[in-house]
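To start, the structure under review is shown below, and the notes come after it.
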Amino acid sequence: MEQRTYRVVGKTFRKKDAMQLLLGKPVYVQDITPAHALVVRLLRSPHPNAIVKSIRTDIAKKVPDVVDIYTWEDVPQTRFAIAGQTYPEPSPYDRLIIDRHVRFVGDVVAIVAAETEQAAEKALKLIKVEYTLLEPVLDFRTAKDNPSLVHPEEDWYPPCPVGGDNTRNLVASDLDQHGDVDAVMASCDIVLDRTYHTKAFNQAMMETFRTYTSLDRYGRLHVVSSTQIVFHCRRILSRALGIPKSRIRVEKPRIGGGFGAKQTAVCEVYPAFVTLKTGRPALLVYSRQEAQTAGSPRHEMQIRVRLGADRSGKIRALDLYTLSNTGAYGEHGPTTVGLTGHKSIPLYTGSLEAYRFSYDVVYTNLQAAGAYRGYGATQGIFALETTVNELAETLGMDPTVLRDQNMVRQGMVMHAYYGERADACALDRCMAHCREIFHWEEKYPVRDMGNGKVRSAGVAMAMQGSCISALDVGSATVKLSDDGTYNLIIGAADMGTGCDTILAQMTAECMDCAYEDVAVFGADTDVSPYDSGSYASSTTYITGKAVEKACAQLKKQICAIAAGMLGCSEEEVVFESRQVRRIHTDQVVPLEDISYKAQLFNNIPAQATATHTSPVSPPPYMVGMVEIELDKETGLVTVLDYMAVVDCGIPINPALARIQTEGGIVQGIGHTLMENITYDRRGKILESSFMQYKLPTRLDMGRLRVEFEQSYEPTGPFGAKSIGEIVINTPAPAIAHAIYRATGVWHRDLPITPETVAMSIDQEI
Amino acid sequence: MELKLNLNGRNVTGHIDPGTLLIDFLRQQGCVSVKRGCETANCGLCTVLMDGRPVLSCSVLAARAEGHRVETLEGLQQEAADFAGFIADQGADQCGFCNPGFVMNTIALLREIPEPTDDQIRAYLAGNLCRCSGYDGQLRGIRAYLDSRKK
């Protein structure tokens, strides 16, 4: 493994924005936009599937301070998708700004624009709507070929061929296989056939969806939004509103968390439409209830795993079928599902002879799903890792040893991972390291504490990607300032993850300057070079490489300017941090002088922009081990100790990589043990606030320990891969495993609440 | 109705609807560090100090602050900066949206229990949700600050 020492990369630095955030400075959408903007509120459907028969807004419009109200009759009739994806999007064009056909409890029926919140609220109550109710599809297992169609419209349009058919409630379907699964399975000593179910967990970022829009000094639409995807957002708005992209500017200030939710333009079109109609600034802030019920949560999935192995524990065949519920609209439906197989099956490349992975993604009349950290891998890994744990328990083998025999290792070609080779893989070292520091040998045996409580342990592995291969594009502009410091301008969106910081570290490393000498700006479609946006774990790996390239180019240009000053050729000079030196004469010009020269009778730009894409998406890997205490009387599961060892290549900023890991693990604990989404008979979400949707608090997470096993990814910047998403994947299978060890019951539905645990123990007696 | 209170050391007079919540009044007064994360008093983001005690400003009518002393993070910058740097060193600020409420409650904690144990810190701050950090980095930051004071 290549081991290099760097000055700035691989070291911990405070986030560029840390003190601003900790001291509560005005940095978010609602803090920095004028208070006199129109208040935008949305009237939402109380029915899961209905046609607006008639809608009367005349009385509501008479409320003082109500400026205007818009219904389906007022909006453009071009269908679009709000998923933040590269054009042409895999997600179908299935939305209108307001559709006469409302498809879930919470779908938009009218937009109210008012001078005050009170006026808007009052108007919402005075809009009279008559609905023609249609039979809803509320169970995703019955959605495919259901006589009731979620999208019967003729202008439903898939920009990409992904196996969808709106006349069958089907958004996407596919089949991928390698080898003869049926033949290998038939010759296996043991075949486990298990079905798992995961819910539409909510990202629950602390800042809900929000967007401010106004007309700028050129009369263009200026959008300030809490978004991970400024460029995609501009394209989406352009299509939805029917105006050219050159008339739209999208910028993001600081973002109060995203986790994928803001990879979808959930709320941008509504205030934008109001501003275009009225010419006035408009602000839409989602309530927590709206974020819970009309946001863009994880796809609910049912995953059937068939695993074939021999008695020695060799996993020979895997067959996964995923049924994914995209809800009322298809955002990210065709793509999240792919990860359930492509980012779980390759973990067992070491022994696998054949696999099959097939899926269907269906529409239902429930809240539309979207992108959430892990993006399908989380669901697939829960299903597969739990089945592998069951195999180990069935064979009476230590599950870590069983994995040692089967896991993917350095240099292996992963057929289930688009045929990519594992060029940087320390999964085996992650397992060995985690086993040692967790004290697996001591904690794996079940310990009855003698007070009705039992202690036990569980394990799981995970992988993810580092971008969307052969697709994602990242760019960076690096500029030299008058005083020899630098500006870095990016289109990637720091949503708290720290990408501004780690990209500045890379710039400082490349330009051989101090971290403090790099100022970062992002992201604004008018200013930033093009970037797909911050999602798919891609920013470190893709935009980081663009930073490297831009710095290399800028250094050449700085040398060219200096060579002109020294009266020699560019080949005769070298860049040396704060100066450029002529090799043979040792004449030097300081960086400050070069930067001033760049502004005087000069044709060579003292700035460079570079773009990067990658044909591969090197997976990060990790191992998670958990120790729980389970109360057999109440079913309460307490996480005592969570140990994770991660291979993210070379961590650029170890403190930030660690926090990402800890945060991901706690989110994972949340959707394993306490976060739940349930519906009433009419498809209305019951967990519509934090009163019912219980996020982990600091009392719920036990002790967290995170360590890194480094690998060196040759195609990544400074050997880096990714960290953001993988870290959410191990808690569900590891905790489900520990619960089995304590109770003898496998829970295959998430979440595993105290009630379900207690009831399952009762059944045992 | 008229509202008189002391906000961050200044006497302030405001005109409010009787139903105005303290959080909305404070934001209107320019104290935008005060954040709304839910509508159900579950997240702790809107924590401010009233007469030195932490309250959820989303669950207090502005009228209840009549004649009282209210402090937001805008008014306690130095006291916050003393320990906030230690949290920044852990990278635990993350998206930052929960930070003002968390920092306000930590100020209250450190005033009330100058030498808290880890369990006391967890218990005192249990009502402050954070979706990014996993909480442990915040704890390490506070612990590092407390350790630094002993030196």
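Hydrogens, waters and symmetry mates are skipped; everything else that's a heavy atom, side chains included, is used. Chain letters run A, B, ... following the sequence lines, proteins first, then strands; residues in each count from 1.
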So how far is it from [X] [atom1] to [Y] [atom2], rounded to the nearest 0.5 Å?
X: B/C132; Y: A/M205; atom1: SG; atom2: CE; value: 11.0 Å
X: A/L656; Y: B/D93; atom1: CG; atom2: CG; value: 8.0 Å
X: A/L22; Y: B/Q77; atom1: CG; atom2: CD; value: 10.5 Å
X: B/Y135; Y: A/L704; atom1: OH; atom2: CG; value: 11.5 Å
X: A/D31; Y: B/K35; atom1: CG; atom2: NZ; value: 3.5 Å
X: B/C95; Y: A/D17; atom1: SG; atom2: CG; value: 10.0 Å

Residue part contacting chain B, namely of [X], when any heavy atom lies under 4.5 Å:
X: A/L699; value: side chain
X: A/R254; value: neither
X: A/A35; value: neither
X: A/S287; value: both

Quick one: which of [options] has the most heavy-atom pairs under 4.5 Å with chain A, could you say?
options: B/G101, B/S33, B/A81, B/G85; value: B/G85
options: B/C31, B/A123, B/A80, B/A126; value: B/A126
options: B/I87, B/V103, B/D119, B/L129; value: B/L129
options: B/P100, B/A84, B/C130; value: B/A84

Problem - Any B/L139 side-chain heavy atom under 4.5 Å of A/R698 side chain - result: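 They are not in contact (no side-chain heavy atoms under 4.5 Å apart), so the answer is no.
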
Problem - B/R131 side chain near A/P696 side chain, heavy-atom distance below 4.5 Å - result: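 In contact.
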
Exercise for the section: For chain A, find its close neighbours in residues 6-30 of chain B: heavy-atom separation under 4.5 Å, sorted by number, or none. Expected result: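 Hits under 4.5 Å: B/D17, B/R27.
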
Practice task
Using heavy atoms and a sub-4.5 Å threshold, report which of residues 38-45 of chain B line up against chain A, by residue number.
Solution key: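 Result: B/C38, B/E39, B/T40, B/N42, B/C43, B/L45.
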
Exercise for the section: Please determine, among A/Q289, A/M206, A/Q30, A/Q203, the option with the most heavy-atom pairs under 4.5 Å with chain B. Expected result: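 The option with the most such pairs is A/M206.
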
Problem - Top contributor to chain B contacts, counting heavy-atom pairs under 4.5 Å, from A/K25, A/Q118, A/R703 - result: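 Option with the greatest count: A/K25.
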
Handout entry: Main-chain N/O of B/V32 paired to A/Y28 side chain as donor or acceptor, under 3.5 Å
Key =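 Side chain of A/Y28 to backbone of B/V32, a donor-acceptor pair under 3.5 Å: no, none is there.
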
Practice task
Mark yes when over 12 heavy atoms from residues, nucleotides or ligands other than A/K694 sit less than 6.0 Å from its NZ; otherwise mark no.
Solution key: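 More than 12 heavy atoms, drawn from other residues, nucleotides or ligands, come within 6.0 Å of this atom.
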
Practice task
Could you tell me which residues satisfy salt bridge (charged side-chain N to carboxylate O under 4.0 Å, His left out) with B/R140, sequence neighbours excluded, listed by chain and number?
Solution key: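 Counting only residues at least two positions away or on another chain, B/R140 forms a salt bridge (charged side-chain N to carboxylate O under 4.0 Å, His left out) with A/E662, B/D136.
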
Problem - All pairs passing side-chain hydrogen bond (donor to acceptor under 3.5 Å, both in side chains) where residues 48-66 of chain B contributes a residue, at least two apart - result: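 As it turns out, the side-chain hydrogen bond (donor to acceptor under 3.5 Å, both in side chains) pairs with a partner in residues 48-66 of chain B, which skip direct neighbours, are B/D51-B/H68.
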
